[in-house]
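Please read the structure below before turning to the comments.
Along the sequence shown, the residues carry numbers beginning at 1.
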Amino acid sequence: MSAAAIDISGTHPGSGSGKDDLQLTEHLEELASEWTQLESAGIGNPYHGFLWCKAFQDTLGTAERSQPLIALLRSAGRPVLLLPFSLFTHNGIKVLAFLGARFGNQNTGLWDKAFYEAVGPETLRSVLDRVCQESSADCIDLQNVPCHWNGRAHPLVLDNAQLSPNPLYRGSVTDTFEDVFKALHSKSARKNLTRKQRQLQEAGNYEIRICQQPAEIEAGLEAFLQQREARAQITGIPNAFSGPEARAFLRQATQSTALPVTPNTTSAPLKIWTLSVSGQIRATYLCGQDKGTLHAYSNSVAHDEFLKNSPGLVLIREIVEKICADPDTKTLDLGIGEERYKTSWTRPEPMCDSRHSRTAKGKIYSAVQTAKTRLKSRIRNSDRLWAMVKNLRKMRASGN
C-alpha cells in the first residue's frame with residue numbers, strides 16, 4: 001500500500017481547523033521525522049516509538065511477512081496522533097492490530113498532549129473509520145489499552161471495551177527509597193530481601209551496571225537470552241525470545257543508534273541492567289525510559305548456586321532505589337501480567353480491549369475475539385484453572 005493523504009471532514013475540540021489530514025503509509029521511514037517529533041514532545045510509550053517499531057519490522061515483522069500500516073493524523077499541519085498498525089488476514093478477514101503487539105506491552109498510541117486532552121469519541125470514530133476504509137480492513141483490534149491514562153479515560157477505549165485478561169503494574173517512585181520500600185513491604189520481607197542482597201555482596205565482585213559499550217551490551221543480552229532459555233526448559237513457560245528473529249529484534253532494540261532521519265532520537269529503545277557476582281551476570285532487566293517513567297520490559301535470572309539469594313529480586317530492589325533517587329523519574333512500570341515480584345513494588349491498573357468493525361466479517365471477528373478474551377480472563381483469574389495451566393507447562397517441560 002502506498003502512502004495516501006486523507007481529509008477527515010468535520011471539526012473537533014483542539015483541532016484548530018475544519019479539516020484534519022490523515023496519512024497512511026507502510027513505509028516507516030517516510031514518517032520518521034514527524035514520528036520522533038511526536039515521541040519527543042508528546043505522550044506515549046516506548047513500544048510505539050520509531051526505533052522500537054523499526055526494530056520489530058526489520059526482524060520479526062519481516063520474518064512474519066507483517067504488512068505495517070502507520071496512521072498519522074495532522075492538525076493545522078502538525079502531527080497530533082500516530083497509531084502504528086499491522087495489517088493481517090485471519091480466515092479471510094482483514095484485521096488491523098498494533099504493530100508488534102505480542103512483543104510490546106501496553107498500547108497507547110503517540111499523542112500531542114493538548115489534542116489527547118481535548119479529543120472526543122466522534123473524532124476517534126472518524127479516524128478509525130477512515131483508516132479501515134483506506135486499508136480495506138474489516139476490523140481494528142485495539143488490545144491492552146490502559147483504561148485510564150494521563151488524566152482521562154483513554155480515547156481508544158471504545159464503547160464495546162472489555163477488560164483485558166492481564167492488568168498493568170505501575171507504581172509511584174517519587175518518595176525516598178526507604179519510604180517506598182517500607183510502604184510496600186512488611187518488616188520481615190524487607191529484612192529478608194536485604195539479607196539476600198548482603199549475601200550476594202559478600203560473595204565478592206558484586207556489581208550493578210547499565211550496559212553502555214557494545215561489548216557489555218552484547219554480554220548482557222547474551223546472558224539474558226541464555227537465562228531465559230534455561231528458565232523455559234525448567235518451568236515450561238514459553239520463551240518468546242527463543243527464535244533467531246526475536247534475538248535479532250532484541251539486538252537492534254538494545255544496540256541501534258540514532259539515524260539521520262530521526263533527529264529527536266538519541267539512543268536505543270532498551271537499556272540492559274545487570275547484576276553480577278563473582279565476575280558473572282546473575283540477573284538482567286531490559287528497561288526503556290519514556291520521560292518520567294521507567295518501563296521494565298523483560299528480565300532473567302541465572303539458575304545456579306546463587307539462585308537461593310534471589311538475584312532477580314535484588315536487582316529490582318537496586319533499580320527501584322536508583323530511580324527513587326532520580327528526580328526525573330516519577331513512575332515505575334513493570335508491564336502487564338501478574339507476578340509476585342510485580343505486586344511487591346507496584347499495583348495493578350486495568351487494561352481494556354476494544355474492536356472497531358467496519359463490515360459484517362469484522363463484526364464476526366470481533367465477536368469471536370471477545371469470547372476468547374472472556375475465556376482467557378476466566379482462566380487467568382481462577383486460582384484453580386491457572387494452577388492447572390502452570391502444572392501442564394511444567395509437565396511439558398519435563399517431557400511427561
Does T293 use its side chain to pair, donor to acceptor, with the backbone of H295 at less than 3.5 Å? no

With under 30° as parallel and over 60° as perpendicular, where do the rings of F177 and F181 fit, or are they tilted in between? parallel

Does K342 pair with E338 as a salt bridge, N-O distance under 4.0 Å? no

Do R152 and Y116 form a cation-pi contact, if we require the NZ or CZ to be under 6.0 Å from the six-membered ring centre and within 45 degrees of the ring's axis? yes

What I want to find out is whether R102 reaches E64 closely enough, with some N-O distance under 4.0 Å, to be called a salt bridge. yes

Between N239 and S242, do the side chains contain an N or O donor and an N or O acceptor separated by less than 3.5 Å? no

Any donor-acceptor N or O pair under 3.5 Å, side chains Q143, Q369: no

Donor-acceptor pair, side chain of Q289 and main chain of K291, under 3.5 angstrom: yes

Between D353 and N144 (side chain of the first, backbone of the second, donor and acceptor by atom type, cut-off under 3.5 Å), is there such a pair? yes

Taking atom types as modelled and ignoring hydrogens, do the side chains of T284 and T274 form a donor-acceptor contact shorter than 3.5 angstrom? no

Provide the closest heavy-atom pair for Q57 versus T62 in the form atom of the first, atom of the second, distance. O-OG1, 2.6 Å

Under 30°, 30 to 60°, or over 60°: which ring-plane class applies to Y297 and Y47, parallel, tilted or perpendicular? tilted

Please assess H48 against N107 for the test side chain to side chain donor-acceptor pair (under 3.5 Å), listing each intermediate value before the final yes or no. CA-CA 8 Å; H48 288 171; N107 297 300; 3.1 Å; yes

Donor-acceptor pair between S298 and R228 side chains, under 3.5 angstrom: yes

Do you see a donor-acceptor pair shorter than 3.5 Å between the side chains of D179 and T176? yes

Below 4.0 angstrom, N of the basic side chain to O of the carboxylate: do R358 and D129 qualify? no

Only one of L81, L24, L82, V80 clears side chain to side chain contact (heavy atoms under 4.5 Å, CB included) with L72; which? L82

Given the rule in the salt bridge (Lys or Arg N to Asp or Glu O under 4.0 Å) test, do E34 and R78 qualify, once you have shown the distances and angles that lead to the verdict? CA-CA 8 Å; E34 290 176 290; R78 62 187 180 87; over 6 Å; no

Would you check if there is a donor-acceptor pair between the side chains of T108 and N45 at a distance under 3.5 Å? yes

Within the 3.5 Å criterion, strictly below it, is a donor on D141 or Y365 matched to an acceptor on the partner's side chain? yes

Assess the residue pair L168 and T346 against the criterion (side-chain contact (heavy atoms from CB on, under 4.5 Å)); give the C-alpha distance rounded to whole Å, side-chain angles, the decisive distance to 0.1 Å, and a yes or no. CA-CA 9 Å; L168 177 72; T346 57; over 6 Å; no

T25 side chain to E30 side chain, donor-acceptor N/O pair below 3.5 angstrom: yes

Salt bridge or not between D138 and K94? Use side-chain N to carboxylate O under 4.0 Å. no

Can you find a pair of side-chain heavy atoms, one from L250 and one from R247, that are under 4.5 Å apart? no

I'd like to know whether R317 forms a salt bridge (Lys or Arg N to Asp or Glu O under 4.0 Å) with E321, so could you lay out the CA-CA distance, the side-chain angles of the two residues, the decisive distance to 0.1 Å, and finally the verdict. CA-CA 6 Å; R317 181 194 188 282; E321 184 168 7; 3.3 Å; yes

Does the distance from a Lys or Arg side-chain N to an Asp or Glu carboxylate O, for R251 and E218, drop under 4.0 Å? yes

